[in-house]
Amino acid sequence: MYPLTCHCNLQDGKTQDAVNHTLNWIPQVRDQYDEPKFYEAFTDLENPNTLTYFMTFSDKEAEERIASMEKPRKFGEDLYKMCTQEPKWIEHELVNSIRNSKPDSQIHTRVEYKVKPDVVSDVKKQIVNYIDTVRDAEPDIRVYESYQNKEEPSKFTHLAEFKDKAAEQNHKDVSHTKKFAEFLWPLCEQEPKFIYMNMIGSARR
């Protein structure tokens, strides 16, 4: 699989235009193209001028094929015109994943952090074990995924969806989350940054 993230910082007054542009585009992604396998767009709750797209293709060749087509290229060109600068694209490696549902969840978060270079391998192993435990112990988590930045392998992003506030609070309180946090925080060069997001729309297959 080939996960990508795109961050767009929008010009003042262009947020709703970009949201509408995306809302019009997502059904076309779902109905007219075989890739990406999922495609989701969010605004950050604290900074609604930040628009973030998460997408996963079967492989890089699939992404290049879709990107070369007229409509996807036009969508991107029109979006770029609303941004303060060229959007930032990040290639990832998928470390581990839970995907249990259609995108009907109420709570959407991402966590970004950077660890010390010499502990990357150990951190990845712990992430795999942690998400496996979440899968078995927390049925109200709809999505939990961890991505490793390909360009900067010491950077990680976790993407999560919770059924509701109670599921999110339970996730914070359970022993395996506390244990993972106790392991992770001393190894970070940049402390984890927690970001709440508002889902604009989703195309999942």
Please indicate whether [X] has more than 12 foreign heavy atoms, meaning atoms of other residues, nucleotides or ligands, lying under 6.0 Å from its [atom1].
X    : atom1 : value
E77  : CD    : yes
D118 : CG    : yes
Q11  : CD    : yes

[X] [atom1] to [Y] [atom2] distance, which is reported to the nearest 0.5 Å:
X    : Y   : atom1 : atom2 : value
T84  : N9  : OG1   : CG    : 4.5 Å
L4   : Y39 : CG    : OH    : 11.0 Å
M197 : E40 : CE    : CD    : 8.5 Å

- Task: Please work out which of the three classes, parallel, tilted or perpendicular, describes the rings of H21 and F75, given edges at 30° and 60°.
- Result: parallel
[X] side chain to [Y] backbone, donor-acceptor under 3.5 Å:
X    : Y    : value
T133 : N129 : yes
N149 : E152 : yes
E161 : Q106 : no
D59  : E61  : yes

Less than 3.5 Å apart, any donor N or O on the side chain of [X] or [Y] sitting next to an acceptor on the other?
X    : Y    : result
K124 : Q148 : yes
Q32  : K71  : yes
S154 : E189 : no
Y130 : S146 : no
N170 : D140 : no
T5   : H92  : yes
T157 : Y113 : no

Would you call [X] and [Y] a salt bridge, using N to O less than 4.0 angstrom?
X    : Y    : value
E63  : R65  : no
K155 : E112 : no
R73  : D78  : no
E168 : K163 : no
K178 : D173 : no

- Query: So, is the end of the R99 side chain (NZ or CZ) under 6.0 Å from the ring centre of F38 and within 45° of the ring's axis?
  - Reply: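 The answer is yes, since R99 meets both limits relative to F38.
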- Query: Can we call the ring centroids of Y144 and H171 under 6.0 Å apart?
  - Reply: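 Yes: the rings meet the under 6.0 Å criterion.
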- With a 4.5 Å heavy-atom cut-off, do Y196 and D44 have their side chains touching?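 No, side chains not in contact.
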- Message: Would you say V174 ends up clustered with V134 if hydrophobic residues are merged whenever their side chains have heavy atoms under 4.5 Å apart, either directly or through other cluster members?
- Response: no
- Message: What verdict does the side chain to side chain contact (heavy atoms under 4.5 Å, CB included) test give for I195 and V111, after you've listed the backbone C-alpha separation in whole Å, the side-chain angles of each residue and the deciding distance to 0.1 Å?
- Response: CA-CA 6 Å; I195 303 160; V111 183; over 6 Å; no
